[in-house]
> 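Quick one: this structure, given as structure tokens, is what I'll be asking you about.
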Amino acid sequence: MQDNRYRKTVYLYSAHRLAQLPADTGKEVVFAGRSNAGKSSVINTLAEQKGLARTSRQPGRTRQINFFSAGADTRLVDLPGYGYARAPRSLRQHWGQLINAYLERRRCLVGLVLIVDIRRCLTELDQQMLSWCENKDLPAHVLLNKADKLSRSAARQALLSVGKSCTDQNSVQLFSAAKKHGLEELCRVLNIWLE
């Protein structure tokens, strides 16, 4: 993809507490989803960089809120995954409180990319995230990741099914971080939010 502005994305830092968040200025797009949905892989594919966001075969490796600069006063934000993580209960509770506080308080947040494993479709936690976005009047873009794992007809069926459960405020697309399918469509959505 020739005009991908996200190629220049760079890691800024990670926040484990609210006091560590960057100044609430500019624009941020947050990436959320279950621990095994492939959030870090999506960010790496978007930036066309293999090691920008840390990936692992073991779900739940993102344990802080990770900030990436995508240009002048624009940031991409990788949240810890929800649902599965091998971590003490107290740490999982801390993540939940940190994520909730981040989502509730950030005024510079302009959109949420919800990454879903296409083979699982929308879970109850995914639905809760979309409901929260609707209540906050925050646009959400559902990325049905790992579309290469299904046949074309099965992937299209999943897209239609998820599309029916989304509101006018949401959009949905097929994506494959492994095959880089759907990258242009994702960039178009982000460009609208961040410009």
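Residue indices begin at 1 and follow the sequence shown. Values below: all heavy atoms of this structure, side chains included; hydrogens, waters and symmetry mates excluded.
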> Can you hop from Leu183 to Ile192 via hydrophobic side chains spaced under 4.5 Å?
yes
> Taking atom CD of Glu104 as the centre, report whether more than 12 heavy atoms of other residues, nucleotides or ligands fall under 6.0 Å from it.
yes
> Quick check: do Val42 and Val113 have side-chain heavy atoms less than 4.5 Å from each other?
no
> Quick check against the 3.5 Å criterion: does Lys39 have a side-chain atom that pairs as donor or acceptor with the backbone of Ile115?
no
> How close do Gly111 and Leu138 get, heavy atom to heavy atom, and via which atoms?
N-CD1, 3.5 Å
> Do side-chain atoms of Asp117 reach the backbone of Lys146 as a donor and acceptor pair under 3.5 angstrom?
no
> What's the verdict on side-chain contact (heavy atoms from CB on, under 4.5 Å) for Arg105 and Leu18, showing C-alpha distance, side-chain angles and the deciding distance?
CA-CA 10 Å; Arg105 297 179 189 182; Leu18 283 178; 3.0 Å; yes
> What heavy-atom pair brings Ala32 and Leu112 nearest, and what distance separates the two atoms?
CB-CD1, 4.3 Å
> Backbone N or O of Ala140 within a donor-acceptor pair of the Gln169 side chain at under 3.5 Å?
no
> Excluding sequence neighbours, so at least two apart, what forms side-chain contact (heavy atoms from CB on, under 4.5 Å) with Cys108?
Asp24, Glu28, Arg75, Arg106
> Atom OG of Ser165 and atom CG of Leu160: how far apart are they, to the nearest 0.5 Å?
11.0 Å
> To the nearest 0.5 Å, what is the distance between CZ (Arg120) and CG (Asn36)?
5.5 Å
> Distance from Leu144 atom CG to Leu159 atom CG, nearest 0.5 Å?
6.0 Å
> Should the ring pair Tyr13 and Phe67 be called parallel, tilted or perpendicular, given that the plane angle runs from 0 to 90° and is split at 30 and 60?
tilted
> Please round to the nearest 0.5 Å and tell me the distance separating atom CE of Met129 and atom OG of Ser131.
10.5 Å
> Determine, step by step, whether Glu195 and Arg5 satisfy the side-chain contact (heavy atoms from CB on, under 4.5 Å) criterion, reporting the C-alpha distance in whole Å, the side-chain angles of both residues, the deciding distance to 0.1 Å, and the verdict.
CA-CA 12 Å; Glu195 296 205 353; Arg5 67 178 264 195; 3.7 Å; yes
> Looking at Cys121 and Asp126, what are the two nearest heavy atoms and their distance?
O-OD2, 3.7 Å
> Out of Leu98, Ile65, Asn66, which one pairs with Pro80 under the side-chain contact (heavy atoms from CB on, under 4.5 Å) rule?
Ile65
> Does the side chain of Leu52 reach to within under 4.5 Å of the side chain of Tyr6, using non-hydrogen atoms?
no
> Is the backbone of Leu186 close enough, under 3.5 Å, to the side chain of Gln173 for a donor and an acceptor to pair up by distance?
yes
> For Asn145 and Ala177, indicate whether the former's side chain and the latter's backbone hold a donor-acceptor pair under 3.5 Å.
yes
> Per the side-chain hydrogen bond (donor to acceptor under 3.5 Å, both in side chains) rule, which among His141, Arg188, Glu185 passes with Ser171?
His141
> Do you know which two heavy atoms are closest between Ala147 and Ala155, and how far apart they sit?
O-CB, 4.4 Å
> Mind listing the closest non-hydrogen atom pair of Ala53 and Phe68 along with its distance?
CB-CZ, 3.9 Å
> When rounded to the nearest 0.5 angstrom, what is the spacing between CG in Leu109 and CH2 in Trp193?
9.0 Å
> Determine the minimum heavy-atom distance between Ser69 and Leu12, stating which atoms define it.
N-CG, 3.6 Å
> Side chains of Thr9 and Leu46: does their closest heavy-atom pair fall under 4.5 Å?
no
> Checking Asn44 side chain against Gly51 main chain: does a donor-acceptor pair fall under 3.5 Å?
no
> Determine the sole option in Thr123, Leu122, Val162 for which the side-chain contact (heavy atoms from CB on, under 4.5 Å) test with Val116 is passed.
Leu122
> As an exercise, state the distance from CG of Leu114 to CD of Gln127, rounded to the nearest 0.5 Å.
9.0 Å
> Take Ile99 and Tyr102, measure what side-chain contact (heavy atoms from CB on, under 4.5 Å) needs, and give me the verdict at the end.
CA-CA 5 Å; Ile99 291 168; Tyr102 167 80; 5.7 Å; no
> Checking Ser161 side chain against Gln157 main chain: does a donor-acceptor pair fall under 3.5 Å?
no
> Surrounding CZ of Arg17 (heavy atoms of other residues, nucleotides or ligands, distance under 6.0 Å), is the total greater than 12?
no
> Report the C-alpha distance between Val29 and Val189 in whole Å, list the side-chain angles of each, state the deciding distance to 0.1 Å, and finish with yes or no for side-chain contact (heavy atoms from CB on, under 4.5 Å).
CA-CA 11 Å; Val29 171; Val189 171; over 6 Å; no
